[in-house]
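Structure first, commentary second.
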Amino acid sequence: MNRPIIGITMGDGAGVGPEIIMKSLKDAQIYQTCRPFVIGDAKLLERADQFVQTGLRVRRIASVEEAQFEHGTVDCYDLNLLPADLPIGQVSKEAGHAAFMYLKQAIELANAGAIDAICTAPLNKEALHMGGHIYPGHTEILADLTGTEDFSMMLSAPKLKVIHVTTHVGILDAVRMINPDRVYKVIRMAHETLQKAGYAHPKIAVCGINPHAGENGLFGYGEEDEKVVPAVKKAQEEGIQVVGPLPADTLFFRATRGDFDIVVAMYHDQGHGPIKVLGLEAGVNITVGLPIIRTSVDHGTAFDIAGKGIADEQSLKEAIKQAIELAPKREQ
């Protein structure tokens, strides 16, 4: 069996990332389906295991070639950037900078063909900025460091997939940024991503911008007709199974019922809210449009529970699973 090599970045060392990584890699089944290793600080993984008590050994490596990928031992590409006594649950520029460097190293390894996919534990945006890296989040770092202009955030839960036209911007900026070209490109990314995942003819639904999708001009100033309808028509003319714009208040229910395979959301909270209602532990964040595969947990650093050993690892395990499914196959 071809098992893809998955690089797991540790995220913010002061958060729950090290803990959920150790808890996830205790699962022997993960090693049966992929070859995982961690990019981060070995000493913080060891400290995290004092909280979660997995009994796993952490093994320091300086290259992917040194990894053994054996259950019971966590291979760590050790960048050795943080002190062992890094304060838990606190924002720090050191941890923010380190989280950026873990991701940068992972991208370099992916670009070099050394790994097949990246799976990221959460970082803290305030710490990232304090560390000198002014990005809204993981997605924008990945796009910048890979030279990608057209990309989107896709959230996946067991009964719902959502892809976003805009993400980390204010609502007024989001409405201004929405245009037919961007909406069309996101529809195409949704179509192509699901086809690669095995959907022969993905069923796509597009949200409106205003309540009730404008209701024929009753709400808003004609944004749906101006910004969304041309994109949907263009995609339909190319044979893509897409409908919209549809009212968001009922669309997500219909999608969870099985009417659609994926929903195109216009802005951050329109798409994130329904996914997170379904359960933080089940959601996965996937960046589409990149030249490399990247999946992530769909939750934050959870500073309030870091160090207590109670963080739920299910989202990370699901993110690893999605990375395995999306990663290109290689000979061992």
Side-chain angles (χ1 to χ4, degrees), residues 5-26 30 35-70 72-110 114-115 118-133 135 137-138 141-142 145 294 296-297 299-303 305-309 311 313 316 319-320:
I5 299 175
I6 309 295
I8 305 171
T9 59
M10 200 178 75
D12 192 301
V16 297
E19 297 172 51
I20 61 174
I21 287 172
M22 295 301 288
K23 292 172 79 171
S24 295
L25 295 183
K26 186 180 179 180
I30 287 178
R35 289 175 282 173
F37 72 102
V38 183
I39 302 165
D41 268 65
K43 65 177 80 70
L44 291 186
L45 294 176
E46 291 169 339
R47 182 177 72 169
D49 205 51
Q50 296 174 16
F51 311 136
V52 297
Q53 298 288 307
T54 66
L56 300 175
R57 182 174 73 93
V58 178
R59 178 173 174 269
R60 291 158 174 77
I61 61 174
S63 68
V64 179
E65 290 73 23
E66 294 178 17
Q68 295 178 348
F69 307 116
E70 296 177 349
T73 299
V74 176
D75 294 304
C76 179
Y77 195 116
D78 189 17
L79 298 192
N80 193 28
L81 295 174
L82 296 173
D85 60 352
L86 177 76
I88 298 172
Q90 296 182 25
V91 176
S92 75
K93 65 179 181 181
E94 293 81 10
H97 172 67
F100 176 85
M101 295 305 294
Y102 305 150
L103 183 59
K104 183 173 183 288
Q105 181 65 70
I107 292 169
E108 290 174 357
L109 292 172
I115 62 178
I118 299 170
C119 184
T120 59
L123 53 72
N124 181 277
K125 295 178 179 65
E126 183 181 356
L128 181 70
H129 293 181
M130 288 172 60
H133 307 288
Y135 293 91
H138 270 120
I141 297 172
L142 283 148
L145 297 188
R294 178 263 176 164
S296 178
V297 296
H299 61 74
T301 49
F303 282 163
I305 61 170
K308 297 180 180 180
E313 74 277 18
L316 180 60
I320 294 171

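On a predicted model such as this, the values are computed, not experimentally measured, just so you know.
Residues meeting the side-chain contact (heavy atoms from CB on, under 4.5 Å) test with Asp78, sequence neighbours left out: Asp41, Ala42, Arg60, Cys76, Asn80. Applying the side-chain contact (heavy atoms from CB on, under 4.5 Å) criterion to His97, with sequence neighbours excluded, gives Met101, His133. By the salt bridge (charged side-chain N to carboxylate O under 4.0 Å, His left out) test, Lys104 is found to be paired with Glu108, residues two or more places apart in sequence or in another chain being considered.
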Handout entry: side-chain contact (heavy atoms from CB on, under 4.5 Å) assessment of Val38 paired with Tyr77
Key = CA-CA 6 Å; Val38 183; Tyr77 195 116; over 6 Å; no
Handout entry: Audit row: Leu109, Phe37, side-chain contact (heavy atoms from CB on, under 4.5 Å) steps and yes/no
Key = CA-CA 12 Å; Leu109 292 172; Phe37 72 102; 4.1 Å; yes
Practice task
Go through the steps for Met130 and Val91 under the test side-chain contact (heavy atoms from CB on, under 4.5 Å), then give the verdict.
Solution key: CA-CA 9 Å; Met130 288 172 60; Val91 176; 3.4 Å; yes
Exercise for the section: Show your reasoning for whether side-chain contact (heavy atoms from CB on, under 4.5 Å) applies to Tyr102 and Ile118. Expected result: CA-CA 11 Å; Tyr102 305 150; Ile118 299 170; over 6 Å; no
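Side-chain contact check for Cys119 versus Thr9: every heavy-atom pair is 4.5 Å or farther apart. Proximity of Glu70 to Asp75: side-chain heavy atoms (C-beta onward) are nowhere separated by under 4.5 Å. Side-chain contact between Phe100 and Leu145 is present, with at least one heavy-atom pair separated by less than 4.5 Å. Taking 4.5 Å as the limit, some side-chain heavy atom of Ile141 sits within range of a side-chain heavy atom of Leu128.
For Thr301 against Pro122, the heavy-atom pair with the smallest separation is CG2-O, 3.6 Å. Across Val52 and Met22, no two heavy atoms sit closer than the pair CG2-CB, 4.1 Å. Residues Ile88 and Ala306 share a closest heavy-atom pair of CG2-O, 3.4 Å. Of all the heavy atoms in Leu82 and Glu94, the pair that sits closest is CD2-O, 3.4 Å. Heavy-atom minimum distance, Val64 versus Ala114: CG1-O, 3.9 Å. Between Ala127 and Ser92 the shortest heavy-atom distance is CB-O, 3.3 Å.
Expressed to the nearest 0.5 Å, how far CD1 of Ile320 lies from OG of Ser24 amounts to 5.0 Å. Distance CZ/Phe51 to CD/Glu19: 6.0 Å, rounded to 0.5 Å. With rounding to the nearest 0.5 Å, the separation of CD1 in Ile39 from CD1 in Ile21 is 10.0 Å. Atom CZ of residue Phe303 and atom CD of residue Glu126 lie 8.5 Å apart, to the nearest 0.5 angstrom. Remark: Asp12 CG to Leu44 CG distance equals 10.0 Å, nearest 0.5 Å. Here the CD1-CD distance, from Ile20 to Glu313, works out to 8.5 Å after rounding to the nearest 0.5 Å.
Under a 3.5 Å cut-off, the side chain of Arg47 and the backbone N or O of Ala84 do form a donor-acceptor pair. Remark: the backbone N or O of Gly15 is not paired with any side-chain donor or acceptor of Asn124 at under 3.5 angstrom. Side chain of His138 to backbone of Thr120: no donor-acceptor contact under 3.5 angstrom is found. Lys23 places no side-chain N or O within donor-acceptor distance of the main-chain N or O of Pro18, the cut-off being under 3.5 Å.
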